[in-house]
Amino acid sequence: MQLNSNSAQPMHTDGHFKEKSPKYLCLYCCEQAQNGGFSQIVFADDVYNYIKSLSREIAEQLFNEYIEYSRRRPGGGLFKYKKKLFFKRNDGKIG
């Protein structure tokens, strides 16, 4: 799926509501802003390491916690599932 837009994108997570989140997210800037320009993309490893610096026990518990989602199906009804807050990827990083 591709979305082309020149409007502002407030903080959000792309595809978090899907059963399998996207593997790649690509952003391309066609024209540099006159001011600003800081990225708001957040990496799961950084979030996890910050939480771990506050409490190693809580950080480890987050691998066993889930968020439950429900979204309306286009034809009606609800699609429900749950996803882990953190998981270990095959490459050793945290998702």
Side-chain angles (χ1 to χ4, degrees):
M1 182 175 99
Q2 181 178 344
L3 172 67
N4 293 320
S5 173
N6 64 353
S7 59
Q9 297 294 314
M11 287 297 289
H12 66 284
T13 55
D14 286 302
H16 74 283
F17 51 84
K18 296 184 176 182
E19 195 166 0
K20 282 192 164 188
S21 298
K23 290 184 180 183
Y24 301 100
L25 173 65
C26 301
L27 302 174
Y28 176 75
C29 178
C30 296
E31 184 177 328
Q32 183 176 350
Q34 291 182 2
N35 54 36
F38 291 103
S39 173
Q40 296 179 344
I41 293 176
V42 178
F43 294 97
D45 283 306
D46 294 341
V47 174
Y48 173 77
N49 288 329
Y50 174 74
I51 294 170
K52 190 168 127 181
S53 76
L54 300 174
S55 172
R56 182 179 216 91
E57 294 160 5
I58 290 174
E60 291 303 316
Q61 288 174 7
L62 295 177
F63 286 99
N64 300 314
E65 297 289 331
Y66 291 85
I67 292 179
E68 292 188 20
Y69 292 92
S70 63
R71 292 184 58 85
R72 297 203 180 284
R73 292 181 184 273
L78 285 178
F79 178 65
K80 294 182 180 183
Y81 59 94
K82 61 184 183 177
K83 291 177 79 171
K84 286 189 169 189
L85 288 175
F86 287 106
F87 60 93
K88 299 214 178 181
R89 298 177 3 170
N90 292 336
D91 62 4
K93 294 184 179 181
I94 295 172

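All residue numbers refer to positions in the sequence shown, counting from 1.
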Novice: With hydrophobic residues grouped by side-chain heavy-atom distances under 4.5 Å, do Ile67 and Ile94 end up in a single group?
Specialist: yes
Novice: Linking I/L/V/M/F/W/Y whenever their side-chain heavy atoms sit closer than 4.5 Å, directly or via other members, would Phe63 and Val47 fall into one cluster?
Specialist: yes
Novice: List in chain and number order the residues that pass side chain to side chain contact (heavy atoms under 4.5 Å, CB included) with Lys82, two or more places apart in sequence or in another chain; answer none if no residue qualifies.
Specialist: Tyr66, Glu68
Novice: Run the side-chain hydrogen bond (donor to acceptor under 3.5 Å, both in side chains) test against Arg89 and tell me which residues pass, sequence neighbours left out.
Specialist: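 Expected list: Asp91.
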Novice: If you look at every heavy atom in Ile51 and Leu62, which pair is closest and at what distance?
Specialist: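 For Ile51 versus Leu62, the nearest heavy atoms are CD1-CD1, 3.7 Å.
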Novice: Could you tell me which non-hydrogen atom of Gly95 sits nearest to which non-hydrogen atom of Ala44, and how far apart they are?
Specialist: C-CB, 3.8 Å
Novice: Mind jotting down which residue pairs meet the side-chain hydrogen bond (donor to acceptor under 3.5 Å, both in side chains) criterion with at least one end in residues 47-63? Sequence neighbours excluded, please.
Specialist: Tyr48-Glu60
